[in-house]
Amino acid sequence: MGRHSKKLIVVDAVKDWVMDGRVKPGERFYSEYELAKLFDVSRHTVRLAMRELVHEGWLYREQGVGTFCGEPFASKKGDSKTNGKNIGVMMTYLSDYIFPSIIRGMETYLTDRGYSLTLVCTENDHAKERLCLRNLLDLNMDGLILEPTKSSQFNPNMDCYLELEERNIPYLMINQFYSQLSPFHLKIDDVKGGYMATDHLIQLGHEQILGIFKSDDLQGVHRMQGFLQAMRNGKRPISPEHVITFTTEQLNDDFTEKLLNTLTNKNTMPTAIVCYNDFIAMSVHKVLKKLQLSVPEDVSLIGFDDVKPAGSTKILLTTIAHPKSRMGVDAAKWIIAAVEGKELNLSNEPPIIYEPELVIRSSTDVVKKNRSAVS
């Protein structure tokens, strides 16, 4: 998503806040720093958005004091198609990877039915998650669509989630969920997806298969679980060196170092690699190119999520498809039903678990005899 699109997200959200009265005329507004954190955008993007909002009269500045909410114009109220209902959407990230597609699915369904969205971003950080939740609580959202932060760890913000329940604000979780809360949730079957990705490589004859997984969210833990199940069922050797894990904070340095150690050691060199997601697969591809190793001639490579880079001309990546837009629409349908009370026992409904789909492209191939000992 480009800078212009990011700016529009900020501008549209602020206008919604003013129109719905969640920010009162004359009330001191968020700082550029706070908005940048809430929307996961740069200070420059926020500055451009604020400049436009001030120019149009939605906000005004007092020199040396700060920025304040302006008086909404009558024409704006008349043009508004919302029914006064607002859904808060909290994601780990907003502007790249699978997240724009998920958000577009939600937005299309919600706005067509008179709802508006308020988007916030945690950057997969518990402290930022707390800030986001407090802001959404202060804004009195009618319902919330939430993505958990570091879902494989205990969450220190349980009090915020319990406050949601105490205030009878309906919410659901996407991609994963906190087991302590057992909310309604939507997710892909990550265990099965990890199994399918690994089994595809086993069926192509690969023996030495490396798995790379994120360990601080349950998606990564479950995809690794599927990887190990497939390796055992396929009677493939599993050595500690053939499982690389990383956390959000370790992604840049530790991850690359571990990968290089494995790929430059002839005793641990794999003929195929299962990646936590497509972003990791593309990072692995860059490392392989630096080592003058070709995909799939030297190493077969498979990702997860089927994002746009998977279909690029640089590498046609075999991957497991994520439902993305469909998940966004389904989440929007459920939260509207919960807000409007159209269905009973919503909290007792079974979760929506999407079936993974293997998308085969040219980054995976049968292992050849002269490739079984790549060094």
Side-chain angles (χ1 to χ4, degrees), residues 12-13 15-24 38 72 76-91 94 99 101-122 129-130 132-149 151 155 157-188 323-354:
D12 289 344
K15 288 180 179 179
D16 286 339
W17 296 350
V18 177
M19 289 302 305
D20 293 345
R22 283 172 286 133
V23 184
K24 308 296 183 186
L38 281 172
K76 291 174 186 172
K77 290 182 178 179
D79 290 341
S80 174
K81 296 180 180 180
T82 69
N83 58 14
K85 298 289 188 181
N86 193 280
I87 302 301
V89 178
M90 184 181 75
M91 307 286 282
L94 292 177
F99 303 103
S101 295
I102 296 174
I103 292 168
R104 279 195 296 271
M106 296 176 192
E107 186 176 30
T108 299
Y109 191 88
L110 289 167
T111 55
D112 284 351
R113 286 151 185 82
Y115 284 75
S116 55
L117 279 73
T118 295
L119 301 170
V120 293
C121 172
T122 69
E129 178 191 43
R130 187 171 194 84
C132 289
L133 288 169
R134 293 312 321 172
N135 277 304
L136 292 172
L137 282 163
D138 290 345
L139 291 170
N140 295 315
M141 295 290 105
D142 295 286
L144 297 174
I145 298 172
L146 309 170
E147 184 183 33
T149 293
S151 53
N155 186 277
N157 299 319
M158 282 297 117
D159 57 320
C160 295
Y161 288 100
L162 294 176
E163 185 175 343
L164 287 175
E165 297 184 9
E166 184 181 37
R167 290 167 56 172
N168 293 317
I169 300 173
Y171 70 92
L172 61 85
M173 292 187 174
I174 63 170
N175 287 324
Q176 263 303 331
F177 68 101
Y178 295 132
S179 58
Q180 302 97 319
L181 296 169
S182 300
F184 177 79
H185 57 276
L186 306 87
K187 62 185 288 291
I188 192 169
K324 294 187 280 293
S325 295
R326 179 183 168 194
M327 176 181 282
V329 171
D330 289 343
K333 288 180 179 178
W334 190 94
I335 202 66
I336 286 180
V339 168
E340 298 182 359
K342 291 182 178 178
E343 298 181 26
L344 300 175
N345 299 319
L346 286 172
S347 61
N348 296 323
E349 282 190 359
I352 296 176
I353 310 295
Y354 300 97

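- Lys324 contributes atom NZ, which lies 8.5 Å from atom CD1 of Ile188 (distance to the nearest 0.5 angstrom).
- Checking each of Leu119, Leu144, Ile102 against Val89 for a side chain to side chain contact (heavy atoms under 4.5 Å, CB included) leaves exactly one that passes, namely Leu119.
- With a 4.5 Å cut-off on side-chain heavy atoms, Ile336 and Leu110 count as touching.
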Could you give me the CA-CA distance, side-chain angles and deciding distance for Leu146 and Phe177, then say whether side-chain contact (heavy atoms from CB on, under 4.5 Å) is met?
CA-CA 9 Å; Leu146 309 170; Phe177 68 101; over 6 Å; no

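- Leu38 CG to Cys132 SG: the interatomic distance, rounded to the nearest 0.5 Å, is 5.5 Å.
- Classified by interplanar angle (parallel below 30°, tilted 30° to 60°, perpendicular above 60°), the ring pair Tyr171/Tyr161 is tilted.
- The CD atom of Glu107 sits 6.0 Å away from atom CG of Leu117, with the distance rounded to the nearest 0.5 Å.
- Although no hydrogens or angles enter the test, the distance criterion places no donor-acceptor pair under 3.5 Å between the side chain of Thr108 and the main chain of Gly105.
- Separation of atoms CG (Asp142) and CD (Glu340) is listed at 10.0 Å; rounding is to 0.5 Å.
- From Leu162, atom CG reaches atom CD of Gln180 across 10.0 Å, with rounding to the nearest 0.5 Å.
- Residues passing the ring pair (Phe, Tyr, Trp, His ring centres under 6.0 Å) test with Tyr109: none are found, sequence neighbours excluded.
- Between Met158 and Leu181, some side-chain heavy-atom pair lies under the 4.5 Å cut-off.
- Of all the heavy atoms in Met106 and Gly328, the pair that sits closest is CG-O, 3.3 Å.
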From CA spacing to verdict: side-chain contact (heavy atoms from CB on, under 4.5 Å), Lys187, Asn175
CA-CA 4 Å; Lys187 62 185 288 291; Asn175 287 324; 5.6 Å; no

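- Counting only residues at least two apart or on different chains, the salt bridge (charged side-chain N to carboxylate O under 4.0 Å, His left out) pairs with a member in residues 157-168 are Arg130-Asp159, Arg134-Glu163, Glu163-Arg167.
- Pro170 is linked by a side chain to side chain contact (heavy atoms under 4.5 Å, CB included) to Ile335, Ala338, Val339, counting only residues two or more places apart in sequence or in another chain.
- Residues passing the side chain to side chain contact (heavy atoms under 4.5 Å, CB included) test with Thr118, sequence neighbours excluded: Trp17, Arg22, Asn86, Leu136, Leu139, Met141.
- The side chain to side chain contact (heavy atoms under 4.5 Å, CB included) test with Val329 is passed by exactly one of Met327, Lys333, Arg326: Lys333.
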Under the criterion side-chain contact (heavy atoms from CB on, under 4.5 Å), I'd like the reasoning laid out for Asn157 against Leu133: C-alpha separation, chi angles, the key distance, then a yes or no.
CA-CA 9 Å; Asn157 299 319; Leu133 288 169; 4.3 Å; yes

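- In this structure, Met91 and Cys121 have side chains that are not in contact, with every pair of non-hydrogen atoms separated by 4.5 Å or more.
- Annotation: side chain to side chain donor-acceptor pair (under 3.5 Å) contacts of Asp330 (sequence neighbours excluded): Tyr354.
- For Ala331, the side chain to side chain contact (heavy atoms under 4.5 Å, CB included) partners at least two apart in sequence or on another chain are Ile145, Leu172, Ile174, Leu186.
- When all heavy atoms are compared, the tightest approach of Glu147 to Phe99 is OE1-CE2, 3.4 Å.
- Side-chain N/O atoms of Ser101 and Ser325 include no donor and acceptor closer than 3.5 Å.
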